[in-house]
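Below is one structure, written out as structure tokens; the observations come after it.
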Amino acid sequence: MKDKSGMAEVQRLEAESELARTPLTSLPEFSHSSPDEMLHELRVHQIELEMQNEELRRAQISLEESRDRYLDLYDFAPVGYFTLTSEGQITEVNLTGASLFGIERSKLLQRRFARFVTIEDKDRWHRYFIGVLRNKEQRQCELTVQRPDGSAIEVQLDSLRIDIAGGDERTRVVRVTVTDIHIRKQAEVKLHLIAKVFEQSGEAIMVTDADRTTIMVNQAFTTISGYSEAETIGQNQTMLQTDHHGADFYQKVWATVDLEGHWQGEMSCRRRDGHEYMGWFLISRVLNADSNPSNYIMIFSDITEHKEAQAHIQRLAHFDPLTGLPNRSLLKNRILHDLAIAQRNQSALTLMFLDLDHFKNVNDSLGHQVGDQLLIAWAKRLINAVRGQDTISRLGGDEFILVFPETDAIGAAHLVEKLLELSQQPYQIEQYELVVTPSIGIAVFPGDGTDFETLCRCADVAMYRAKQAGRNGFRFFTSEMQASSARVMIVENALRHALERDQFQLYFQPQVRLSDSQLVGAEVLLRWEHPELGHVDPADFIPIAEDSGQILQIGEWVLRQAVRQCKAWIDKGLAPILIAVNLSAVQFRDPRFPELVMQVLREEQLPPQYLELELTEGVAMDNPLEAIIIINRLLAHGISMSIDDFGTGYSSLSYLRRFDINKLKIDQSFVCEIGASSENRAIINAILGVAKSLGLKTIAEGVESEEQMTFLREKGCDEVQGFFIGKPLPAEQFEENFERQVLSLNTRLK
Ligand SMILES: Nc1nc2c(ncn2[C@@H]2O[C@H](COP(=O)(O)OP(=O)(O)OP(=O)(O)O)[C@@H](O)[C@H]2O)c(=O)[nH]1
């Protein structure tokens, strides 16, 4: 930059050179001597002046531009600028100030600033303004401005007193900067509220960083967990964990939070004092700008009480409060389930309606309290008398409903006898010895009904019949069931004495090998002759013996007698034969059975290879894996095993292969139709094929004609039994016929 004198020098030089460029002819007439010089001088000055004018004009334009820029900056600044007199009158205001106050600039001027301050803040304004006037330092204040349209804004004022040079107190002005702070205020209020929500929340809140280290907890957290803020900050959130859940559980929870952004559910927690409680958790993930987790927020509440209350409500809704037994509602649920299973498995189900006899008398004579205790004791006794899958429910009063899945009329007859027997034993309640008997009505699915309501109605009707018949008894809904159950009772009672009264007898039916017509074995058949009932068919009494459990005793007797007889024949020098003893499903399921068989063989001194146990196809396939174990144990002792009635049930070939049995017995229903039914011939052929491929022997039962035997021999069946070969006979007769039978067989079979 050049200074002023320098600039003038430059201008003079420029003027000189301009004059030099101007032709003399264009110059005014000056004398050659001094007038010329003077003229020259004048011209130089003229040009110089013109140039200075130009310079001034440019400076003025620049000045005006600069003022405009300043005015723009002033008017459109983000804050309002006010100049006030020492009286507080507005003398200057920028556009932002006018728009903040919601009023035209011209209407603001000469007005007192205080006019625009809300009534509530006016006092504060005056005190503040006096303070500004008194003190030369900048001062700050927040207040609310009332706008003409009725709205109000919160503003921050920054004011400074300006003293005019040479002036006095009256000439002082105050410059006020007005900043709109309502957004900041709103944010502050919001933050304050958030802080309050956080602190006053009834739910525990725990905030962690990305590593799940706690950075913040609220008051409820301290109350619920027992840990203070200081004990928690800096700790990993795992401090709350218990052994209740495995590591897998926590891994899944945090994987869900990271994948889906949140997880909610129940989580067991440990309080500072060691007590565990159940928490309901909501865990959320917070992401940073790079979409990476920056924080985790865990909000939880202690729901232990809630859960207990829920369980209590559940109990009240489903259980009778007096006895603790399921109520009608739960009973309904259970029976729906039981009925669905019965339907699917085509099994029976029994429903009993039980009402105590003259219970009112107990209440009336000894009081409700005693009545209640009697009901409780009665319920306990009932529960102890039945199986886990049975349901006993109290409908109210002295009425109970009992549901027995997989129980048909025969089973029901046994059960009801047991219940009546049970009620004969007195109860000791307080100082009273009480006997209370029930009347029971029985309905059986599917015969009497296939749904809960129908079965209930039938059992109810039957119960009233039992009451009418004199109480302390039971009635089936249908008369046929009543009759058959009566027969069941008679047979069952008679069976109890059959063994001791020597009413059983073993019969032996010969089994012959087709290849050489040799008598190779005998099937042992049980006969029962009762003095009053006469001959009772095994098909009648075996299921009853199975239901009552007497089959174990009877089965052992049969086994021992058969083994003893076989040994006796061997001892007599007869050619040894295999004795085939039928097994009941109940015997087979008895875990001690294999040991029992070995014990009998040992005691009777019969080598195991002379004993064959026949198992029906249904029993073997009922629980094949268990059957495999028992069969293998028996086989390991050298005992033969065969599958009876083969072809009548459903056999899985894969299991059949694993059974490792020795023989398949073709059911007589196929054999008796050999001549008439090509289908049966095909079935026999198929069974023989299966047996051959599995390396099993075959025996056909129920052979009654030469035609049947010829067919079986041609098809490769190994052995036969049936009336054509020999009827079942008692031991002595079988023995007498032994030799003869073989001889006659030899001639008949050749
Ligand atoms: N202690 C006690 N008694 C109850 C309760 N609920 C009902 N009862 C009483 O049980 C009795 C039921 O009587 P009923 O079954 O109608 O008649 P009952 O005397 O048993 O005579 P029968 O049923 O005809 O043999 C009534 O006296 C009821 O008041 C209870 O929760 N506790």
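We count residues from 1, following the sequence as given. Whatever order the structure lists ligands and atoms in, that order sets their numbers, starting from 1.
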Nearest neighbour in protein (non-hydrogen) for [atom]:
{"atom": "atom 21 (O) of ligand 1", "result": "H358 N, 3.4 Å"}
{"atom": "atom 22 (P) of ligand 1", "result": "K467 NZ, 3.3 Å"}
{"atom": "atom 27 (O) of ligand 1", "result": "K360 CG, 3.3 Å"}
{"atom": "atom 18 (P) of ligand 1", "result": "F359 N, 3.4 Å"}
{"atom": "atom 6 (N) of ligand 1", "result": "G397 CA, 3.1 Å"}

Find all atoms of ligand 1 within a distance of less than 4.0 Å from any non-hydrogen atom belonging to [X], and give their numbers and elements.
{"X": "D372", "value": "1 (N), 2 (C), 30 (C), 31 (O), 32 (N)"}
{"X": "L356", "value": "20 (O), 22 (P), 23 (O), 25 (O)"}
{"X": "R471", "value": "22 (P), 24 (O), 25 (O)"}

**Asked** In this structure, which one of D644, L583, N582, L634 forms a side-chain contact (heavy atoms from CB on, under 4.5 Å) with L615?
**Response**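 Checked D644, L583, N582, L634 against L615; only one passes side-chain contact (heavy atoms from CB on, under 4.5 Å): L583.
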For the atom pair [atom1] ([X]) and [atom2] ([Y]), what is the distance rounded to the nearest 0.5 Å?
{"X": "T242", "Y": "H275", "atom1": "OG1", "atom2": "NE2", "answer": "13.5 Å"}
{"X": "H262", "Y": "I299", "atom1": "NE2", "atom2": "CD1", "answer": "12.5 Å"}
{"X": "F504", "Y": "F541", "atom1": "CZ", "atom2": "CZ", "answer": "5.0 Å"}

**Item:** Residue pair D448 / C458: nearest heavy atoms and the distance that separates them
**Value:** O-SG, 3.4 Å
**Request:** Select one of side chain, backbone, both or neither to describe which atoms of L375 lie under 4.0 Å from any atom of ligand 1, heavy atoms only.
**Result:** side chain
**Prompt:** Using heavy atoms and a threshold below 4.0 Å, how should the contact between E399 and ligand 1 be classified: side chain, backbone, both, or neither?
**Reply:** neither
**Request:** Assign the ring pair H245 / F249 to parallel, tilted or perpendicular, where the plane angle (0 to 90°) is split at 30° and 60°.
**Result:** parallel
**Request:** From the options T437, V436, N363, select the one whose nearest heavy atom is closest to atom 3 (N) of ligand 1.
**Result:**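 The residue whose heavy atom sits nearest atom 3 (N) of ligand 1 is N363.
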**Option with minimal heavy-atom separation from atom 12 (C) of ligand 1, where the choices are D357, N361, D320, D398** = D398
**Asked** Do we get R381 above Y427's six-membered ring, with its NZ or CZ under 6.0 Å from the centre and within 45° of the axis?
**Response** yes
**Item:** Side chain to side chain, E529 and Q503, heavy atoms closer than 4.5 Å
**Value:**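 E529 does not reach Q503 side chain to side chain.
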**Message:** Among all the protein's heavy atoms, is there at least one whose distance to atom 16 (O) of ligand 1 comes out below 4.0 Å?
**Reply:** no
**Asked** Any heavy atom of R394 sitting closer than 4.0 Å to ligand 1?
**Response** yes
**Asked** Would you find a donor on one side and an acceptor on the other, under 3.5 Å apart, between the side chain of S365 and the backbone of N361?
**Response** yes
